[in-house]
J.: 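Here's a structure for you.
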Amino acid sequence: QLQLVESGGDLVQPGGSLRLSCAISGFTSDYYVIGWFRQAPGKEREGVSCISSKDFSTFYADSVEGRFTISRDNAKNTVYLQMNSLQPEDTAVYYCAAVLTPYSGSYYLENRGNEYNYWGQGTQVTVSS
């Protein structure tokens with residue numbers, strides 16, 4: 001059973017940075033996509049970024065392009081989301097999720113993550129002065 005555990009959420013001032021971690025265990029396939037999603041109070045869950053295990057391709061939502069960077073450390077079985085130039089509108093619970101697939105693409109940021117089979121418990125990011 002694939003398990004994901006997020007960490008790194010915190011309170012940060014506007015313009016600040018955070019790095020979220022998603023520790024992954026229980027792999028059952030060599031091919032999967034790991035996505036980061038977020039959900040703010042009263043809003044739908046939205047895709048932020050995703051990375052493919054097959055070709056390491058990465059994709060970003062327009063709202064975070066140029067500010068957030070997704071990466072992976074295979075030795076640690078961990079996917080990171082480096083978030084820079086944070087703004088109050090980035091405030092949300094951030095989740096990492098996994099879907100077993102040999103494919104990649106921005107499609108895996110769409111549909112509120114309904115394609116993903118495995119989810120972490122979430123980590124709170126609050127951007128406020």
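Values in this document were obtained by computation on a predicted structure and should not be read as measured data. Sequence positions, counted from 1, serve as the residue numbers for this chain.
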J.: What closest approach, in Å, do Val48 and Val64 show between heavy atoms, and which atom pair accounts for it?
T.: O-CG2, 3.5 Å
J.: Just verifying a value: how many Å separate Glu115 CD and Tyr103 OH, rounded to the nearest 0.5 Å?
T.: 14.0 Å
J.: I want to check something: taking the side chain as every heavy atom from C-beta on, are Ser71 and Ile51 in contact at a cut-off of under 4.5 Å?
T.: no
J.: In the structure I gave you, are the side-chain heavy atoms of Ile70 and Phe59 within less than 4.5 Å of one another anywhere?
T.: no
J.: With under 30° as parallel and over 60° as perpendicular, where do the rings of Tyr94 and Phe68 fit, or are they tilted in between?
T.: tilted
J.: With a 4.5 Å limit on heavy-atom distance, are the side chains of Leu81 and Ser49 in contact?
T.: yes
J.: Is atom CZ of Phe56 surrounded by more than 12 heavy atoms (other residues, nucleotides or ligands) closer than 6.0 Å?
T.: yes
J.: Quick one: are Gln124 and Thr91 in side-chain contact, heavy atoms under 4.5 Å?
T.: yes
J.: Does the gap between the ring centers of Tyr116 and Phe37 come in under 6.0 Å?
T.: yes
J.: Using side-chain heavy atoms (C-beta onward) and a distance below 4.5 Å, is Leu4 in contact with Tyr95?
T.: no
J.: Measure across Pro14 and Ser128 and return the closest heavy-atom pair with its distance rounded to 0.1 Å.
T.: CD-C, 3.6 Å
J.: Find out whether Leu20 and Glu6 are in side-chain contact, i.e. whether some heavy atom of one side chain is under 4.5 Å from a heavy atom of the other.
T.: no
J.: Around atom CG of Asn114, are there more than 12 heavy atoms from other residues, nucleotides or ligands closer than 6.0 Å?
T.: yes
J.: Can you tell me how far apart CD (Gln39) and CD (Glu46) are? Round to the nearest 0.5 Å.
T.: 9.5 Å
J.: Within a strict 4.5 Å, meaning less than it, do heavy atoms of the Asp90 and Arg38 side chains meet?
T.: yes
J.: Taking it one step at a time, do Leu100 and Tyr118 satisfy side-chain contact (heavy atoms from CB on, under 4.5 Å)?
T.: CA-CA 9 Å; Leu100 304 182; Tyr118 305 94; 4.3 Å; yes
J.: Does Leu2 reach the side chain of Tyr32, with side-chain heavy atoms less than 4.5 Å apart?
T.: no
